[in-house]
2 protein chains.
Amino acid sequence: MPSSTVEDYLKAIFQLSRKSTDGKRVALGAVSEQLGLTAGTVTTMMKHLQSEDFVSYEPRRGVTLRESGEKAALQVLRRHRLIEAFLVDIMKLDWADVHEEAEILEHAISDKLIQRIDEMLGHPSHDPHGDPIPTATGEMDNATFAALADVESGHYQLMRVSRDDSEYLKWLSSHSLHPGQALQLVSRDHFAGVITLKVADAEPIQIGETAAQALLVKKC
Amino acid sequence: MPSSTVEDYLKAIFQLSRKSTDGKRVALGAVSEQLGLTAGTVTTMMKHLQSEDFVSYEPRRGVTLRESGEKAALQVLRRHRLIEAFLVDIMKLDWADVHEEAEILEHAISDKLIQRIDEMLGHPSHDPHGDPIPTATGEMDNATFAALADVESGHYQLMRVSRDDSEYLKWLSSHSLHPGQALQLVSRDHFAGVITLKVADAEPIQIGETAAQALLVKKC
DNA sequence: ACCTCTACTTTGAGTAGTCAAACTAAATAA
DNA sequence: TTATTTAGTTTGACTACTCAAAGTAGAGGT
């Protein structure tokens, strides 16, 4: 059983490895950035994770998850996402507040309780941010979507919000921008970096490219 | 914000202090016993807790909680007991399995979530073992009850079960012995140390004095 | 008054995780 | 090719918690 510290490292490496250009290799700097730790701390931990067979680590080149590391990361992700879904659907907490809570609970909840939560929710496939929930055996849907920032005018469905900060999520909420929501990209000003979109039949709203980067959409 | 280790110490001291014969003073041996730690570890920690103003510690005489220590202990107890109630009433987990889970979650759940749980349960006054739940401001009902082991024949109501081990609780369950349950002490054999009792209109059951020590009852 | 036992304290050491600061390899620029 | 910058590594130190084992204070027995 990895400690909760180790779980955090594995989760970070897993998530960074999905965006990696170089195979699934992750630079240690990205890990220290993500976890808010110094570079030296991360180097030390990589050696330890290697000795525990969670990762393979090549000095100065980066780390990749080994099988047991990936398995552990998927379990943490599963717990995290089921907890988020639970907190929103059953506990009726605000979408925007749920991430931090889950960040802690993911290390504290037993398998038995996670299983119970999964049942109560009817084995959901996605969490409130639209992220896929790995199964108990570690399968995960790996569909990818285009960012609203990279897409032309047309009709879309919001599939995923890939950003956790609470203020941003509150703002999305206030404009009914939840996963599943249909929206229309009305126009974009490439020079100003501003996108105009319509959600249902509300007034059109303006959104910057950075904010649009986190909105993952599917054409429809 | 005390660490979860410190919370465990404070909770242990609080609970031991209620059984203390010497005012509210608790012997360090009792603490190390309760927490499963060596005596030296506890001595070290007592100095630390004193320096943090949680307890007052007199070498070789014992510890008593100071105000902030008692407050912290009551908050932990509140979280623990609300979590137990939540796991039984909402999550439908077995009474017997809930203690261990709560032992961990009590250190991981935020105030916001505890508040939500409290609302969902309708501000319960007691947990599934019949233990009183301290209020958010730290008030706690301190009613005491006699142990079934110390009481004569007659009709009683089971008010509290003061033991956490899962096997024991499973056995109680199987005989419908939950807090609130009416029961009759039919007879007792002081020499054999065996008590005969009837629960509702089931067959009479036999129970030893040790087991009866954890069953706290009210005459009725 | 002395001895002994028990409960407690002290000491020295270990684990897990962290940082700051000095150092170094390798990529990039000149 | 050499110099500079950047990313990563090493070292020494610290915090929080723990144990084992050696030492001691004080209560009770003789």
query = Just checking, is any N or O donor in the side chain of A:Asp127 or A:His80 under 3.5 Å from an acceptor N or O on the other one?
reply =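 The criterion, which ignores hydrogens and geometry beyond distance, is not satisfied for A:His80 and A:Asp127.
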query = With respect to the phosphate group of D:dT10, does any side-chain polar atom (N or O) of A:Lys47 fall under 4.0 Å of OP1 or OP2?
reply =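 Checking A:Lys47 against D:dT10: at least one side-chain N or O falls below 4.0 Å of OP1 or OP2.
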ask   = What's the CD-P distance between A:Gln50 and D:dT9, to the nearest Å?
value =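 Taking CD of A:Gln50 and P of D:dT9, I get 11 Å after rounding.
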query = Whole Å only: how far is the CE atom of B:Met1 from the C1' atom of D:dT15?
reply =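 Going from B:Met1 (CE) to D:dT15 (C1'), I get 18 Å.
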Provide the closest heavy-atom pair for [X] versus [Y] in the form atom of the first, atom of the second, distance.
| X | Y | result |
| --- | --- | --- |
| A:Arg163 | A:Ala211 | NH1-CA, 4.2 Å |
| B:Leu148 | B:Arg188 | O-NH1, 3.5 Å |
| A:Leu35 | A:Ala12 | CD2-CB, 3.9 Å |

Are the charged groups of [X] and [Y] less than 4.0 angstrom apart, N to O?
| X | Y | result |
| --- | --- | --- |
| B:Asp97 | B:Lys170 | yes |
| A:Glu101 | B:Arg116 | no |
| A:Arg78 | A:Asp118 | yes |
| A:Lys92 | B:Glu119 | no |

ask   = In B/S/- notation, 5' to 3', how is nucleotides 17-27 of chain D contacted by protein heavy atoms closer than 4.0 Å?
value = SSBS--BBS--
query = Which two nucleotides bound the region of DNA chain C that has atoms under 4.0 Å from heavy atoms of chain A, read 5' to 3'?
reply =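 Extent of the interface on DNA chain C: C:dG17 to C:dA25.
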